[in-house]
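Worksheet: one structure, shown below.
Start at 1 and go down the list; that is how both ligands and their atoms are numbered. We use all heavy atoms of the structure for the numbers below, so side chains are in, but hydrogens, waters and symmetry mates are not.
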Amino acid sequence: MTIQETLRKACSKYKLSPLDAEIILSLAGNMPKVYILAHPEKKLSPAQIKKYHSFAKRRSASEPIAYIAGKKEFFGLDFVVNKNVLIPRPETELLVEHAIERILNTKCGMPDVIIDVGTGSGNIIVSIAKNIPNKIKNKINFYAVDISKKSLEVAKKNAKKNKTDKNIKFIQSDLLEYFPLLAEKNKKIKNILIIANLPYVSSKIYHVNKNNLKFEPKNALISENNGLNHYKDFFKQLRYLSYKCYMLHVICFVEFSPEQKSEISRIITRYLPKAKSEFFKDLAGKWRMAELSF
Ligand code: GLN
């Protein structure tokens, strides 16, 4: 069968859009998309056709391309993904950009420690580590934290793949649980930068978008109480951390869902009354991130 025939079949038999059909074929045949477009008459091997059928079937059941490909691009880097981790979202690049800016802005005092809470595939911490100069990077302790062992495995792979594994420690912890003791023991820690992209999807929004989200780990997406339960626990832990180590200066970036802005702002004031907070919109013009400092 030729490339053109295969593409036609993908659209009719599997009801794929032409764009999806091309992407799937490019993955199954291990050929760049431009090659597919330039050589419609080229014959495919039986192995390529077999793989293509299996990929096309998965795609027609709405499985995200990233899981079929086993990878996703984020912040210009390649990340391995599988069903144990959330697929990195483009809007999360906002957190990475702001975090890098803070780290390089020496007026704020360089962080001694950077913690990525709920690291998942490790996309945030790896992108940060990859994009700051070695001279600065080597003075900072990076921590990638997740409650899921399986996601930490993926994060480690991604750190290795992007040559940042020597810089990052991987810790299994329920949010910040691991850190008050560490900060208490190590009095040299003065500035901490925390980035948190916790599960924040409400059950209501999850059900509306179930078809797109059903392949991703539910416990990395959904949070009780309109999506804000994890953030409540997190801010409580943050309050405890700053109570235990009252000399600490903390900068913290959190990602949330646009409709949560006023509620999350209320929770921040309730748990961290001394924190200064600023809110930012993503590229789609929706509220997406808060920066706290105290
Ligand atoms: N942004 C993701 C979504 O809307 C959710 C990410 C998260 O819960 N941290 O699907």
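- Note: an N/O pair closer than 3.5 Å links Leu198 and ligand 1 by distance alone.
- Classified by interplanar angle (parallel below 30°, tilted 30° to 60°, perpendicular above 60°), the ring pair Tyr231/Phe234 is perpendicular.
- The closest approach between any non-hydrogen atom of Asn209 and ligand 1 is not below 4.0 Å.
- By the 4.0 Å heavy-atom criterion, Glu91 is counted among the residues contacting ligand 1.
- Residues Ile103 and Ile114 meet the side-chain proximity criterion, which asks for heavy atoms closer than 4.5 Å.
- Heavy-atom proximity to Leu221, at under 4.0 Å, picks out these atoms of ligand 1: 5 (C), 8 (O), 10 (O).
- Proximity of Leu213 to ligand 1, defined as any heavy-atom pair under 4.0 Å, is confined to the side chain (atoms from C-beta onward).
- Per-residue contacts place Pro199 under 4.0 angstrom from the following atoms of ligand 1 (heavy atoms of the residue considered): 8 (O).
- Residues His230 and Tyr200 place their aromatic rings such that the two centres sit no closer than 6.0 Å.
- Proximity of a side-chain donor or acceptor of Glu216 to a complementary backbone N or O of Ile87 within less than 3.5 Å is detected.
- Tested against Ser257 for a side-chain hydrogen bond (donor to acceptor under 3.5 Å, both in side chains), the candidates Glu259, Gln260, Glu255 yield a single pass: Glu259.
- With no hydrogens or angles considered, no side-chain donor-acceptor pair links Asn229 and Ser223 at under 3.5 Å.
- Of the protein's non-hydrogen atoms, Tyr200 OH, 2.9 Å is the one closest to atom 1 (N) of ligand 1.
- Of the listed residues (Arg288, Arg89, His230, Glu255), the one carrying the non-hydrogen atom nearest atom 2 (C) of ligand 1 is Arg89.
- If you look at Tyr143 and Phe179, their ring centroids are closer than 6.0 Å.
- The closest protein non-hydrogen atom to atom 4 (O) of ligand 1 is Val201 CG2, 4.4 Å.
- Counting atoms of ligand 1 from 1 in the listed order, those under 4.0 Å from a heavy atom of Leu86 are 6 (C).
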